[in-house]
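Here the structure comes first, spelled out in structure tokens, and everything after it is commentary.
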There are 2 protein chains.
Amino acid sequence: MKTHTESEENYIKALYHLGGDQPVSNGDLAQRIGAKGSSVTQAVKRLGQKDLVDVVPYKGVQLTAEGVRLAKAILRKHRLWETFLVDKLGFGWEEVHPLAEQLEHIQSEELVDRLFQFLGSPKHDPHGDPIPERDGQMPPVLGQPVGAFVTGNEIRIVRVEDAGTEFFDQLDTMNINLGNTYMVQATSAFDASVQLSSTSGSFWLSKDMCANIYAIRL
Amino acid sequence: MKTHTESEENYIKALYHLGGDQPVSNGDLAQRIGAKGSSVTQAVKRLGQKDLVDVVPYKGVQLTAEGVRLAKAILRKHRLWETFLVDKLGFGWEEVHPLAEQLEHIQSEELVDRLFQFLGSPKHDPHGDPIPERDGQMPPVLGQPVGAFVTGNEIRIVRVEDAGTEFFDQLDTMNINLGNTYMVQATSAFDASVQLSSTSGSFWLSKDMCANIYAIRL
DNA sequence: TTTTTATTTTAGGCAAAGCTAAATAATATT
DNA sequence: AATATTATTTAGCTTTGCCTAAAATAAAAA
Ligand SMILES: [Mn+2]
Ligand SMILES: [Mn+2]
Ligand SMILES: [Mn+2]
Ligand SMILES: [Mn+2]
């Protein structure tokens with residue numbers, strides 16, 4: 001359980017996000033990290049020497065088992081901290097991600113365990129994303145896009161994609177939150193928008209909004 | 001309010017610890033940081049270019065007003081996090097310092113403010129050290145060493161020095177905690193130890209223990 | 001199957017932050 | 001006042017992590 005730099009951990013996380021345990025191209029990784037390809041070539045070479053990834057030049061980079069383990073551990077911390085920030089400190093769900101990017105690099109197994117307990121052993125973070133367990137197991141990824149339901153379905157919002165500030169602003173102004181339940185009133189054959197209704201009235205959700213909001217059928 | 005590296009912040013903190021706003025020698029700083037003098041010479045040169053310190057070669061390094069401001073901000077974070085770890089997560093007061101060393105570098109004014117509120121606007125950390133206010137004001141440094149009291153005084157423990165693991169272990173085995181109250185039963189003219197009594201009995205505190213435990217008279 | 005284009009790697013630089021060894025300045029001792 | 005000792009700085013080297021420009025490789029188009 002040696003210790004890694006913040007940069008290393010960010011590469012591991014990016015690789016997991018992009019490909020899980022599958023190979024990822026230099027270009028995709030560079031884009032995600034926000035660095036030039038040449039920097040990425042060097043970085044993954046370093047990770048390779050630590051056996052966190054397998055590198056095949058010109059072909060791609062792939063997390064090793066140990067790399068995947070580490071990625072999940074970081075993701076666990078990220079999502080636990082997001083949960084803390086929202087549930088305990090009252091941050092809005094749209095503002096916690098950058099903070100969690102910092103907090104996810106704090107090194108202490110004990111801290112993670114205690115935080116987990118303090119938060120009531122949560123399975124999902126404030127956006128509905130699954131929080132990896134201590135042993136690396138992943139709780140289910142909940143829900144289907146709102147566009148996947150049909151008229152008459154009763155649904156509950158269980159997850160939202162991190163689709164940027166404007167998306168979260170839109171959720172806010174439309175008063176849409178995790179846990180809200182709606183009835184699917186209609187679906188537009190023209191623009192793939194969906195009409196939802198609740199006790200407080202009804203409204204239309206654009207195709208783009210639908211694609212980033214996930215729900216389960218009740 | 002630009003952003004600083006972890007190393008820079010550690011130098012600032014060390015300078016504040018060693019000299020406050022007074023000059024500090026290269027050697028002392030090197031010792032505190034745990035680096036060689038030559039590394040320190042370079043580091044403070046960098047800090048000087050950012051106007052966080054004034055450097056007089058061969059003479060010493062001194063925090064600027066901005067440097068002091070930053071030092072206090074970091075100390076505030078350090079002590080708030082320690083309070084969080086003990087009060088909310090149930091860590092022992094002897095184990096939180098290294099964790100706070102990491103957490104103190106998280107950058108977010110908002111997080112600090114919310115944490116402060118969440119903790120009930122504390123004035124002192126779990127060791128009784130004052131937590132700098134938002135504006136840099138310092139709450140009082142509480143108490144006098146236990147050796148300073150005389151027979152018959154009723155006292156309350158309000159602060160302990162960070163004197164290492166063994167010291168904290170000793171406090172634990174003797175069941176001494178912040179807030180405990182005692183009567184000074186006797187003071188030894190031979191070895192400067194002090195006899196304290198409470199409802200649960202009486203015991204002798206060595207000179208070295210006394211020097212690191214601070215109390216107020218009731 | 002060439003040729004062109006896009007992707008990736010190499011080569012060479014730079015800044016931060018550490019190190020060792022050598023030079024220099026400041027103190028202390030005779 | 002001259003010398004020896006200690007403290008500090010300089011010089012030169014290392015690793016991490018980023019960059020640009022050029023070379024090499026792979027993929028796509030002709
Ligand atoms: Mn996030
Ligand atoms: Mn990160
Ligand atoms: Mn501390
Ligand atoms: Mn620190």
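All chains are named by letter (A, B, ...) in the order of the sequence lines, taking the proteins before the strands, and each is independently numbered beginning at 1.
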Answer yes if the ring centres of B:His4 and B:His105 are under 6.0 angstrom apart, and no otherwise. no

Could you check how far CG of A:Leu29 sits from P of C:dT9, rounded to whole Å? 11 Å

Nearest 0.5 angstrom please: B:Asp162 CG to B:Trp93 CH2, how far? 11.0 Å

Where the side chain of A:Gln42 is defined as all heavy atoms beyond and including C-beta, which of D:dA26, C:dC19, C:dG12 is the nearest nucleotide? C:dG12

Under the 3.5 angstrom rule, does the side chain of A:Arg79 hit a backbone N or O of A:Ile131 as a donor-acceptor pair? no

Would a line drawn from the ring center of B:His97 to the ring center of B:Phe91 be shorter than 6.0 Å? no

Does D:dA27 have OP1 or OP2 under 4.0 Å away from a side-chain N or O of A:Lys59? yes

For the side chain of B:Pro57, starting at C-beta, report the closest nucleotide among D:dT9, C:dG18, D:dT8. D:dT9

Selected nucleotide, minimal atom distance to A:Tyr58 side chain, candidates C:dT8, D:dT20, C:dC19: C:dT8

In whole angstrom, give the distance that lies between atom CD of B:Glu8 and atom P of C:dA15. 15 Å

Taking atom C1' of C:dA15 as reference, at what distance in whole Å does atom CD of B:Gln49 sit? 12 Å

Side chain of B:Ser38 - closest among C:dG18, C:dT9, D:dT10: D:dT10

Of the options C:dT9, C:dA17, D:dT8, whose atoms approach the side-chain atoms of B:Thr5 most closely? C:dA17

